Amino acid sequence: MSILIRGARLIDPGKQLDQVTDLHIKDHYIEAIGDLTGVNADTEIDAKGMILSPSFIDLHTCLRDLNQIQKGTIASETRAAASAGFTHLCTSPDTQPCSDAGSVINMVKNKAAAAGFCDLLPVAALTKDLKGAQLSNMESLSGAGCIGFSNASYDISNNTVLLRCYEYAATFGLKVFVQAQDQQLGSGQMHAGPTATRMGLDGIPVIAETLAISRHLQFMQHTGVSGHFNQLTSAAGVALIREAKAQGMKVTADVGIAHLCFTDTAVQGYHSQYHVQPPLREESDRKALLVGIVDGTLDAICSAHQPHESAAKCAPFAATASGMATYDMLVPLIQKLVDAGDLTWALAIQALSCNSATIALRKMTSLTLGEEANLTLIDPNYHWTLNSSSQLSHGTNQALANQQLKARVKLTIKAGHISYKV
């Protein structure tokens, strides 16, 4: 099996590569890069005007299936992920049943392998059933293929338990993923600001994030555990990570695509599609998150994909399920940021691919001869409408539903095979 992609703009920030040329894939690997006039392949693709990059690695996604098939299946959501350019997914442990046992991890991985769209890199539960009381068997779960441990959105209020978790993880060289939000301060429905006040909704202040970040940073510093922060939302949160890195702490952090693109004003009118946790914040926070990506304080962009059925969003705002299905609209949202001058495609690829791979896989993916071919081909000028016919996620909670969008993944290649094609 060989694939020849002609005339694409190859972008690989890790190699400082940005040029228009050809790329040849043969037997799962990158065979040649350059002017390949005269070379033939089983499949040839005219990619003029398109962007070819290392494939994306998602550091935070919530897959469904198991006992939540009304929201989506592992097959449907990994296919949607492939349509957004992803080949590897770090899955959240808040599955039903909880990902705190090797049997659950194996079940999830086997279902994804059978579907064939993406490889899973499970993040297992830090405590049993995510209840924050008893440590999970991290060493055993690591042996089952888990790349890290998280308590998902459930805060561990007991400092002794949290210390033991971090000590355990540090002893075995395991990575801890943190969604930093204080449980008591984070009990509201949206960002605490003028919009929440006008709408009569309980607000979540920025200190709910910064207090949690500061607390976890101290535990990380004390134990030496390798830590990664998922879904930062605020300027103050970015500042704390920037300061920690300046002090030499080996921490990393990401931001969800929704928080780079939307603010709390989107909730006006009680639009439940924008009910997410952690909440969308103010424009100044959104801009600070973008600066964090540009200056490297924030290492990665994640999808924070969380599909829901229609009924989960059809209730008074405060009673609706939080979360947004993002895979179908991720690339158009990136293109919108590029068109606005907030990002470049090189920066976006650095955050979606190169840095994410280093965090999740402990190695950088690249467009290098002899490397396994995990690639994403994007048409930045493709115009389409996101609707029930074009979306691939089963989640109906699409914030941009029935809107005209620009840019789409045309092809995703996993291990030398086409896993998605328009």
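By convention here, the first residue in the shown sequence is residue 1. Just so it is clear, the structure is predicted and the values come from calculations on it, not from any experiment.
Note that the CG atom of Leu89 and the CZ atom of Phe117 stand 12.0 Å from one another [nearest 0.5 Å]. Atoms OG and CD, from Ser284 and Glu282 in turn, are 5.0 Å apart once rounded to the nearest 0.5 Å. Residue Leu63 holds its CG atom at 8.5 Å from SG of Cys118, rounded to the nearest 0.5 Å. Atom CG of Leu174 and atom CG of Leu141 lie 9.5 Å apart (nearest 0.5 Å). Distance CD1/Ile334 to CD1/Ile378: 8.5 Å, rounded to 0.5 Å. Distance OG1/Thr320 to NE2/His271: 12.5 Å, rounded to 0.5 Å.
Between the side chain of Thr344 and the backbone N or O of Leu347 there is at least one donor-acceptor pair closer than 3.5 Å. A donor-acceptor distance shorter than 3.5 angstrom exists from the side chain of Ser136 to the backbone of Leu126, with no hydrogens or angles considered. Looking only at distances, a side-chain donor or acceptor of Asp58 sits under 3.5 Å from a matching main-chain atom of Ser303. Formation of a donor-acceptor pair under 3.5 Å by the Lys15 side chain with backbone atoms of Leu367 is found in this model. In this structure a side-chain-to-backbone donor-acceptor pair under 3.5 Å is missing from Asn355 to Ala351. Asp46 places a side-chain N or O within donor-acceptor distance of the main-chain N or O of Lys48, the cut-off being under 3.5 Å. Counting only distance, with no hydrogens or angles, the side chain of Ser187 and the backbone of Gln183 share no donor-acceptor pair below 3.5 Å. One N or O on the side chain of Asp328 and one on the backbone of Leu392 form a donor-acceptor pair closer than 3.5 Å. Between the side chain of Lys313 and the backbone N or O of Gly323 there is at least one donor-acceptor pair closer than 3.5 Å. For Thr412 (side chain) and Ala82 (main-chain N/O), a donor-acceptor pair under 3.5 Å exists by modelled atom type.
With Thr233 as the fixed residue, the side-chain hydrogen bond (donor to acceptor under 3.5 Å, both in side chains) test singles out one of Gln181, Glu209, His191: Glu209. The only member of Asn158, Ile156, Leu162 that meets side chain to side chain contact (heavy atoms under 4.5 Å, CB included) when paired with Thr160 is Asn158.
Salt-bridge formation is not detected for the pair Asp342/Lys287: no Lys NZ or Arg NE/NH1/NH2 atom is positioned less than 4.0 Å from an Asp or Glu carboxylate oxygen. A salt bridge links Asp339 to Lys406: one of the charged nitrogens lies within less than 4.0 Å of a carboxylate oxygen.
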Inset, instruction - Evaluate side chain to side chain contact (heavy atoms under 4.5 Å, CB included) for Gln350 paired with Ile11, printing each intermediate quantity in order. - result: CA-CA 9 Å; Gln350 179 84 31; Ile11 300 180; over 6 Å; no
Inset, instruction - Please lay out, stage by stage, how Asn397 and Gln273 fare under the test side-chain hydrogen bond (donor to acceptor under 3.5 Å, both in side chains). - result: CA-CA 6 Å; Asn397 52 327; Gln273 305 291 40; 5.3 Å; no
Inset, instruction - Take Asn387 and Ser390 through the test side-chain hydrogen bond (donor to acceptor under 3.5 Å, both in side chains) and record every step on the way to the result. - result: CA-CA 5 Å; Asn387 54 34; Ser390 61; 3.2 Å; yes
Inset, instruction - Dump the intermediate steps for side-chain hydrogen bond (donor to acceptor under 3.5 Å, both in side chains) on Asp295 and Thr297, then the final yes or no. - result: CA-CA 6 Å; Asp295 70 14; Thr297 300; 2.8 Å; yes
Inset, instruction - Decide side chain to side chain contact (heavy atoms under 4.5 Å, CB included) for Leu232 and Asp254; before the verdict, give the C-alpha distance in whole Å, the side-chain angles of both, and the deciding distance to 0.1 Å. - result: CA-CA 6 Å; Leu232 263 64; Asp254 67 49; over 6 Å; no
Inset, instruction - List the steps, then state whether side chain to side chain contact (heavy atoms under 4.5 Å, CB included) holds for Thr376 with Ile413. - result: CA-CA 6 Å; Thr376 298; Ile413 297 174; over 6 Å; no
Inset, instruction - Decide side-chain hydrogen bond (donor to acceptor under 3.5 Å, both in side chains) for His228 and Thr252; before the verdict, give the C-alpha distance in whole Å, the side-chain angles of both, and the deciding distance to 0.1 Å. - result: CA-CA 5 Å; His228 177 79; Thr252 53; 2.7 Å; yes
Inset, instruction - For the pair Asp299 and Lys245, evaluate salt bridge (charged side-chain N to carboxylate O under 4.0 Å, His left out) and give the outcome as yes or no after the intermediate values. - result: CA-CA 11 Å; Asp299 303 88; Lys245 288 188 172 185; 2.8 Å; yes
Inset, instruction - Show your working on salt bridge (charged side-chain N to carboxylate O under 4.0 Å, His left out) between Asp155 and Arg215 and close with a plain yes or no. - result: CA-CA 11 Å; Asp155 196 13; Arg215 176 174 175 244; 3.4 Å; yes
Inset, instruction - Give the C-alpha distance, both sets of side-chain angles, the deciding distance and a yes or no for side chain to side chain contact (heavy atoms under 4.5 Å, CB included) between Phe262 and Val276. - result: CA-CA 11 Å; Phe262 307 120; Val276 297; over 6 Å; no
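Checked against side chain to side chain contact (heavy atoms under 4.5 Å, CB included), Ser99 has the following partners two or more places apart in sequence or in another chain: Pro93, Thr95, Val104, Ile105. Every ring pair (Phe, Tyr, Trp, His ring centres under 6.0 Å) that Phe317 has, sequence neighbours left out, goes to His275. For Thr210, the side chain to side chain contact (heavy atoms under 4.5 Å, CB included) partners are Val206, Ile207, Ser234, Ala236, Leu240, not counting sequence neighbours. Listed by chain and number, the residues in a side chain to side chain donor-acceptor pair (under 3.5 Å) with Thr385 are Gln404 (sequence neighbours excluded).
The environment of CD in Gln16 is sparse: at most 12 heavy-atom neighbours from other residues, nucleotides or ligands sit within 6.0 Å. Crowding of Lys336 atom NZ: a count of heavy atoms from other residues, nucleotides or ligands under 6.0 Å not exceeding 12. Heavy atoms from other residues, nucleotides or ligands lying under 6.0 Å from CZ of Arg286 number more than 12. Surrounding NZ of Lys128 are at most 12 heavy atoms belonging to other residues, nucleotides or ligands under 6.0 Å away. By the 6.0 Å contact criterion, CD on Gln184 is open, its count of non-hydrogen atoms from other residues, nucleotides or ligands being 12 or less.
Pairing each heavy atom of Cys261 with each of Leu333, the nearest pair is SG-CB, 3.8 Å. Between Gly173 and Arg362, the shortest heavy-atom distance links the atoms O-NH2, 3.3 Å. Nearest heavy atom pair, residue Ala415 against residue His28, reads O-ND1, 2.9 Å.
For residues 122-150, no pair satisfies ring-ring contact (aromatic ring centres under 6.0 Å, His included), with sequence neighbours left out. Listed by first then second residue, pairs satisfying ring-ring contact (aromatic ring centres under 6.0 Å, His included) with a partner in residues 324-344 read Phe86-Tyr327, His305-Tyr327, not counting sequence neighbours.
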